[in-house]
There are 2 protein chains.
Amino acid sequence: MGRRAVHDREALLDAAIELFARGGAQAVTMAALARHCAAPSGSIYHRFPDRAALLAAVWLRTTERFVAELVTVLGDTPDPARGIEAAVWCVDWCRAHAAEAQVLHAGATAFAPEGWSAADRHNWDSDNTALRTLLARTARSVARQAEIRADEAAFAMFDLPLATVRPHLAAGRGIPESASDLVGRLAARILGSPA
Amino acid sequence: MGRRAVHDREALLDAAIELFARGGAQAVTMAALARHCAAPSGSIYHRFPDRAALLAAVWLRTTERFVAELVTVLGDTPDPARGIEAAVWCVDWCRAHAAEAQVLHAGATAFAPEGWSAADRHNWDSDNTALRTLLARTARSVARQAEIRADEAAFAMFDLPLATVRPHLAAGRGIPESASDLVGRLAARILGSPA
DNA sequence: GGCATACTAGAGAGAGGTCTCTAATAAAAA
DNA sequence: TTTTTATTAGAGACCTCTCTCTAGTATGCC
């Protein structure tokens, strides 16, 4: 099968995410990645045809991992209690994955998707529509049972945890345990369950 | 008094904010700003000693303007009703100032404050402590009257509107009117006033 | 008018990043 | 062993950006 890889794709992406967490997208350069991994630039270009492909891969792998876990947390037929759990889980995930949380929190636009290849753009689109339908379905289901509006339920489950986590990520701090508590309380208040 | 300025400081900052809204901090280069204003690079460097000073000015002017208006909205002795107004006002401000909202939403770290001059860093520090004490005082006052915790009140007044606005900013869309409604309802629910 | 001043104007050096290209190398397959 | 192939290795052309430096120009004041 040819020579065994010293720098495999996953390790390079891990390093790229690390660079991103430290200095934002502008710190994720092919040259910086090569330095950080002590790899020659050729090895980087062997995996990623250009910088846009690297940035796309950082975004896509991170979001896909996050959503895959989120799906299992939400389960098949989410109710308000499950919605609160999901909100708290988002906070806990950010605490456990500090660097990837920075990626998520920066949003796709930080990775210059306008420069991505057609294939990467397509993957991004499918991820987006899949996520949107998942969230819409979940929000509707929870909102019906909690007797509130769907946009309120959606906020409580997804925007609320990200908003709580955001100041800590921006400051480069870790996420305190109290953030999970706060999200649990607020989500409970919005979703109307006993606090 | 010397020659009249063709490119004055405020106009350059407006242009820089425009560039930021379109392409993030990496798009705010001295060269790009010069191109965008059809000014020679010398004129840019006449106003801003280096790129870090430009980025600092973009951040500082934007936040100082926002906070100055916020102070008047909050008034002297904020109560829960005033807190809800402030939350909705944040959303309306973002709608009315799309480009500056992008700056605010990106956070200071997007402007590489580690490279700022000592003077700019100092201004940033004072702004921060002033804002923090303002928010803490407001949150305490509102929380006492609403009989909730201070961190919950702070969330409802400041993090909540930013979180609601965030997805729209990230997508490059304008802020819909419905966002103001949503924030009003959620803030009312958290602050415990009649919805 | 003449002078001082504040600004415009833009060339150019130097640094760093992107990407291409060729050669070397290690491991699996024949 | 020989061949094939995936990968490492890194030199180098090209581009863009930052920042410096010198010269030119318009305006207010004496």
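Quick note on labels: first sequence line is chain A, next is B, and so on, each numbered from 1.
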query: Salt-bridged, A/Glu10 to A/Arg65, with N to O below 4.0 Å?
result: yes
- line: Value for CG (B/Asp79) from OG1 (B/Thr138), rounded to nearest 0.5 Å, stands at 11.5 Å
query: Within the pair B/Arg47 and C/dA6, is there a side-chain N or O less than 4.0 Å away from OP1 or OP2?
result: no
- prompt: More 5' along DNA chain D: B/Tyr45 or A/Gly42, using each one's nearest nucleotide?
  reply: A/Gly42
- request: Please tell me which of the listed nucleotides, D/dT7, C/dT8, C/dT18, lies nearest to the side chain of A/Arg51?
  value: C/dT18
message: From the set C/dC19, D/dT8, D/dT18, return the single nucleotide nearest to any side-chain atom of A/Pro40.
response: D/dT8
- request: Quickly work out the A/Ile44 CD1 to D/dG10 P distance and round it to whole Å.
  value: 13 Å
Close side-chain approach of A/Leu186 to A/Phe155, heavy-atom, < 4.5 Å: no
Name the atoms and distances for all side-chain donor-acceptor pairs under 3.5 Å in residues 23-41 of chain A, with sequence neighbours left out.
from: A/Thr29; atom 1: OG1; to: A/Ala32; atom 2: N; distance (Å): 2.8

message: Tell me if the centroids of the rings in B/Trp59 and B/Phe66 come within less than 6.0 Å of each other.
response: no
query: Tell me: NE2 of B/His46 to C1' of D/dT22, nearest whole Å?
result: 15 Å
field: Interface residues of residues 6-36 of chain A with DNA chain D (non-hydrogen, below 4.0 angstrom)
entry: A/Val6, A/His7
- prompt: What distance separates A/His97 NE2 from A/Asp92 CG, expressed to the nearest 0.5 Å?
  reply: 11.0 Å
query: Between B/Glu114 and A/Arg22, is there a salt bridge with N-O shorter than 4.0 Å?
result: no
message: Given C/dA6, D/dT20, C/dC19, identify the nucleotide with an atom nearest to the side chain of A/Ser41.
response: C/dC19
field: Ion pair B/Arg47/B/Asp8, N-O distance below 4.0 Å
entry: no
message: To the nearest 10°, give me the bend of the helix from C/dG1-D/dC30 to C/dA30-D/dT1, comparing the axes of its five terminal pairs at either end.
response: 10°
task: For D/dA26, take OP1 and OP2 only and decide whether either is under 4.0 Å from a side-chain N or O of B/Arg4.
output: no
- line: Rounded to whole Å, CG of B/Leu54 lies from P of D/dC19 at a distance of 10 Å
message: Whether A/Arg61 and A/Asp14 form a salt bridge (side-chain N of Lys/Arg under 4.0 Å from carboxylate O of Asp/Glu) is what I want to check.
response: yes
